[in-house]
There are 2 protein chains.
Amino acid sequence: MTKKELIKLKAARLFRLKGYKATSMRDIAQEVGMEAASLYNHISNKQELLAELMMHIAEIFTEGMENILQSSLSPREKLERLIGLHIRYTVEKPNAVAIITSEWVHLEEPTLKEYLLLRNSYEKNISKIIQDGIAQKQFAEVDLEITVFSILSTLRWLYSWYHQQENINPVELEQRMIQSLLDGVNIRN
Amino acid sequence: MTKKELIKLKAARLFRLKGYKATSMRDIAQEVGMEAASLYNHISNKQELLAELMMHIAEIFTEGMENILQSSLSPREKLERLIGLHIRYTVEKPNAVAIITSEWVHLEEPTLKEYLLLRNSYEKNISKIIQDGIAQKQFAEVDLEITVFSILSTLRWLYSWYHQQENINPVELEQRMIQSLLDGVNIRN
DNA sequence: GTCTATAAGTCGATAGAC
DNA sequence: GTCTATCGACTTATAGAC
């Protein structure tokens, strides 16, 4: 791991715990074990840290979504994969997931615009999957807007719930979440 | 409206838009139409603004919950009332609802402890309602933890979705949300 | 009750020695 | 590549004139 990667790792944890604005370069430096001035030999400024952390995880989710969309899975299976995607990265990179959910307001232009573009298209893609599922009669005729919002809220804020659950198995969690979220969407028998 | 109420009103909007840490006393003063120093004739410090805004809305939700619990409604009706409660205050006080959801991390002790106490008991009460509904066979045997988390996520983050919907009728929204959230919980026919 | 002036501290970021 | 020293701007909050 390079020094820059270490700095980003420590910054991510602090941004998550205290928020971007409340985290100082001195805070980050202390975690890394150097003086604040030395950070600037590895990064150009504080905003760069936020931008790189955010765009990296945003691109991971975007790629995950593209893989799901390009597959020949059914809408139900696509939704299951999407839930799996969120659980995997919530467990693997909880800090990054927390930051992308809560700290994006502190992004400056032009990165803010780039992020919002990815975010919008991500939401539209979820909407499309559910719409397809309804059209193919795999899902009940639910309220599209509210269902998308509800699923997205649950997936986005999973990190805040997950980190206080200690002995939970990610694989088991995935099964429980799939069942819980899809039973509200799934066609009744 | 007193000057203090006006200050809290303007502060709430800025805390929501920019976050507590990124909002300066000068920002608030400018919105109110006075100098930053003059604010201190009406409030004692910045943290007091956050604490009063947060605890006021927290108590509103706590009282709403108590009214629901003390009623003789069925679990399903209680959950419907709870959804109505969140929609009402999301529409009436979107800034306060946003702040309680996103800015509570910046609360200082002892208010932080008080807030977390209310928050914990609120979550336990939702859990109790759903548990009762399952016991009375009004709800399906859903995964309790995940269902509570999912409903709470959806209700808490409603403000972020609502403020970008322009022509939505709160009464209609309530019906749509009740249907959407409860169909995932409700027993299948 | 509002203002100007300012205290006392923190912020992000840079300069330059080593 | 890390340090010390420091700049200049900004922060919350107070003192005191009016």
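Within every chain, numbering begins at 1; the chains are lettered A, B, ... in the order of the sequence lines, protein sequences first and strands thereafter.
- Atom P of nucleotide D:dA13 and atom CD1 of B:I28 are separated by 10 Å, given to the nearest angstrom.
- Applying the side chain to side chain contact (heavy atoms under 4.5 Å, CB included) rule to B:H163 yields the partners B:R16; only residues at least two apart in sequence or on another chain are considered.
- With sequence neighbours left out, the salt bridge (Lys or Arg N to Asp or Glu O under 4.0 Å) criterion links A:E63 to no other residue.
- In this entry the distance linking CD1 of B:I7 with P of C:dG1 reads 10 Å, nearest Å.
- Nucleotide D:dT11 holds its P atom 14 Å from the CD atom of B:E35, rounded to whole Å.
- For A:E114, the salt bridge (Lys or Arg N to Asp or Glu O under 4.0 Å) test picks out no residue, with sequence neighbours left out.
- Annotation: cation-pi pair B:R156/A:W157 absent, no NZ/CZ under 6.0 Å from the ring centroid and within 45° of its normal.
- Among residues two or more places apart in sequence or in another chain, the side chain to side chain contact (heavy atoms under 4.5 Å, CB included) test is passed with B:E108 by B:Q47.
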Side chains of residues 30-40 of chain A: which donor-acceptor pairs under 3.5 Å do they make with residues two or more places apart or in other chains?
from  : atom 1 : to    : atom 2 : distance (Å)
A:E31 : OE1    : A:R13 : NH1    : 3.0

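- Atoms CG (B:L39) and C1' (C:dT4) sit 15 Å apart, rounded to a whole Å.
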At a cut-off of 3.5 Å, list every protein nitrogen or oxygen paired with a nitrogen or oxygen from nucleotides 8-12 of chain C, distance to 0.1 Å.
from   : atom 1 : to    : atom 2 : distance (Å)
C:dG12 : OP1    : A:T23 : O      : 3.3
C:dG12 : OP1    : A:K46 : NZ     : 2.9
C:dG12 : OP2    : A:M25 : N      : 2.8
C:dG12 : N7     : A:R26 : NH1    : 3.2
C:dG12 : O6     : A:R26 : NH2    : 3.3

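- Look at B:S38 and you'll find a side-chain N or O under 4.0 angstrom from OP1 or OP2 of C:dC3.
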